[in-house]
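Report on one structure; see the data block that follows.
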Amino acid sequence: MSSYIYFEDDGIKYLESTKKEYVDLCLCFCGIEVCKSSHSFGPAIREQYIIHYILDGKGIYKVGDKVYNLEKNQGFLICPGDLTYYEADNDDPWTYIWVAFNGIKSEQYLKYANLSHENLIFESNHKELLKDYVLDMLKINRMRNCDELRLQGLLYLFLSTISDSVDYNVSENKDLSYTLYIEKSIEFINNNFANNIKVTDIANYVGLNRSYLSSLFKKSLNLSPQEFLLSVRMNKAYELLKKLELSIGDVSRSVGYIDPLTFSKTFKKYSGYSPKQYRENLYKNNL
DNA sequence: GTATTTAGGCATCAATCACG
DNA sequence: CGTGATTGATGCCTAAATAC
């Protein structure tokens, strides 16, 4: 599906980007400014999320009837549709950087930095990093594909950096936190079943003791990690065996078994048929 | 000849349980 | 939540058999 749509209006054709509805995150604009005394913007509404981060000086940020007095190492979020106003201090005007973005993952990623409609202010000690990211963004001015990727990357780095100082609060919801471990484990398994991974690798990935991870798996899936990994590999093997151009050895290596002999043995134990028999049965049933 | 499967030995790994 | 011991399972190897 194309991310652009053609419109025709009074005989004029034009392109409108509809990207923002589909894309996770998209940088709209960014900048840096050494503000003069009492320099201000607004009140106005914006279409994107905009994060301002103060490198130096002071100023105020107004949203509705709330007024925030802010200074260096602090930042503020402007949400799309909110009427906002901000103004540099008279004696010690601020210097700030800003980054505007949208995309369907915006809220989620802002949440990582503990930012939302309810909390528009943050602090970060990574002043130099954040500044460098924005300066790098500003250096990129050509419309090449590689530049688009670089901008995306810098935006992710920027958001990651402001999330860095937020404490990861696992104790908030015990049930949720342990299903999170399971989800992360499953994600890891789905991405790496072809890589000869062990249960120990899964445990290391999510940062849990292997024994403990096993008990979590049993509790939530009624399967051990090993059994789950095995079922992922075997189900993938079922799929791959349908492709007749792949040898048994090819299939074996593709689902994480270096040794085709081991794969064969395991497959038979799991399915009741050897890989070759399974393939022959498929072939018969299709005719 | 090649591709696949089986058997058995050995080392490593995983699940479970008891415990801090 | 993590650790350590135990016991059973799994993976990899060699050798050998079978099918094509």
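First the proteins, then the strands, lettered A, B, ... as listed; each starts at 1. Owing to the predicted nature of the structure, the values given are computational and were not obtained by experimental measurement.
- From one end of the helix from dG1(B)-dC20(C) to dG20(B)-dC1(C) to the other, with five pairs defining each end axis, the axis direction shifts by 40° (rounded to 10°).
- The CZ atom of Arg233(A) sits 15 Å away from the C1' atom of dA9(C) (whole-angstrom rounding).
- Between the NZ atom of Lys268(A) and the C1' atom of dA7(B) there is a distance of 12 Å, rounded to whole Å.
- The separation between Arg253(A) atom CZ and dA3(B) atom C1' is 12 Å, rounded to whole Å.
- With hydrogens and angles ignored, the 3.5 Å screen pairs a side-chain donor or acceptor of Thr161(A) with a backbone N or O of Leu157(A).
- Listed by chain and number, the residues in a ring-ring contact (aromatic ring centres under 6.0 Å, His included) with Tyr257(A) are Phe263(A) (sequence neighbours excluded).
- Shown here is Arg150(A), whose CZ atom has no more than 12 heavy atoms of other residues, nucleotides or ligands within 6.0 Å.
- Across all strands, Thr262(A) comes closer than 4.0 Å to base atoms (heavy-atom distances).
- Taking CD1 from Ile51(A) and CG from Leu120(A), the interatomic distance works out to 11.0 Å, rounded to the nearest 0.5 Å.
- Atom NZ of Lys265(A) is separated from atom C1' of dA7(B) by 8 Å (rounded to the nearest Å).
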Nucleotide by nucleotide, 5' to 3', does protein get under 4.0 Å of the base (B), only the sugar-phosphate (S), or neither (-) in nucleotides 15-20 of chain C, counting heavy atoms? B-----
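- Without hydrogens or angle criteria, Ser160(A) side chain to Tyr156(A) main chain gives no donor-acceptor distance under 3.5 Å.
- Nearest to the side-chain atoms of Pro275(A) among the listed nucleotides dT6(B), dT10(C), dT5(B) stands dT5(B).
- When the P atom of dT5(B) is taken as reference, atom OH of Tyr270(A) falls 18 Å away, rounded to whole Å.
- Between Leu115(A) and Ile162(A), some side-chain heavy-atom pair lies under the 4.5 Å cut-off.
- Separating the CZ atom of Phe263(A) from the P atom of dT10(C) is a distance of 15 Å, rounded to the nearest angstrom.
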List the atom pairs, with distances to 0.1 Å, where a side-chain N or O of residues 225-241 of chain A and a protein N or O form a donor-acceptor pair under 3.5 Å, not counting sequence neighbours.
| residue | atom | partner | partner atom | Å |
| --- | --- | --- | --- | --- |
| Glu227(A) | OE1 | Ser224(A) | N | 2.8 |
| Glu227(A) | OE1 | Ser224(A) | OG | 3.4 |
| Ser231(A) | OG | Phe228(A) | O | 2.8 |
| Arg233(A) | NE | Phe193(A) | O | 3.0 |
| Arg233(A) | NE | Val255(A) | O | 2.9 |
| Arg233(A) | NH2 | Phe193(A) | O | 3.1 |
| Asn235(A) | ND2 | Ser231(A) | O | 2.8 |

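- The existence of a salt bridge linking Asp89(A) and Lys58(A) is excluded, since no basic side-chain nitrogen approaches an acidic carboxylate oxygen closer than 4.0 Å.
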Result block: side-chain N/O donor-acceptor pairs under 3.5 angstrom for residues 60-79 of chain A, not counting sequence neighbours:
| residue | atom | partner | partner atom | Å |
| --- | --- | --- | --- | --- |
| Tyr61(A) | OH | Leu77(A) | O | 2.7 |
| Asn73(A) | OD1 | Tyr53(A) | OH | 3.4 |
| Gln74(A) | OE1 | Glu71(A) | N | 3.0 |

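- When the P atom of dT4(B) is taken as reference, atom OH of Tyr257(A) falls 17 Å away, rounded to whole Å.
- Formation of a donor-acceptor pair under 3.5 Å by the Asp56(A) side chain with backbone atoms of Thr95(A) is not found in this model.
- What separates CD1 of Ile248(A) from P of dT6(B) is a distance of 11 Å, to the nearest Å.
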Letter by letter from the 5' end, nucleotides 14-20 of chain B scores (B base, S sugar-phosphate only, - none; protein heavy atoms under 4.0 Å) BBB----
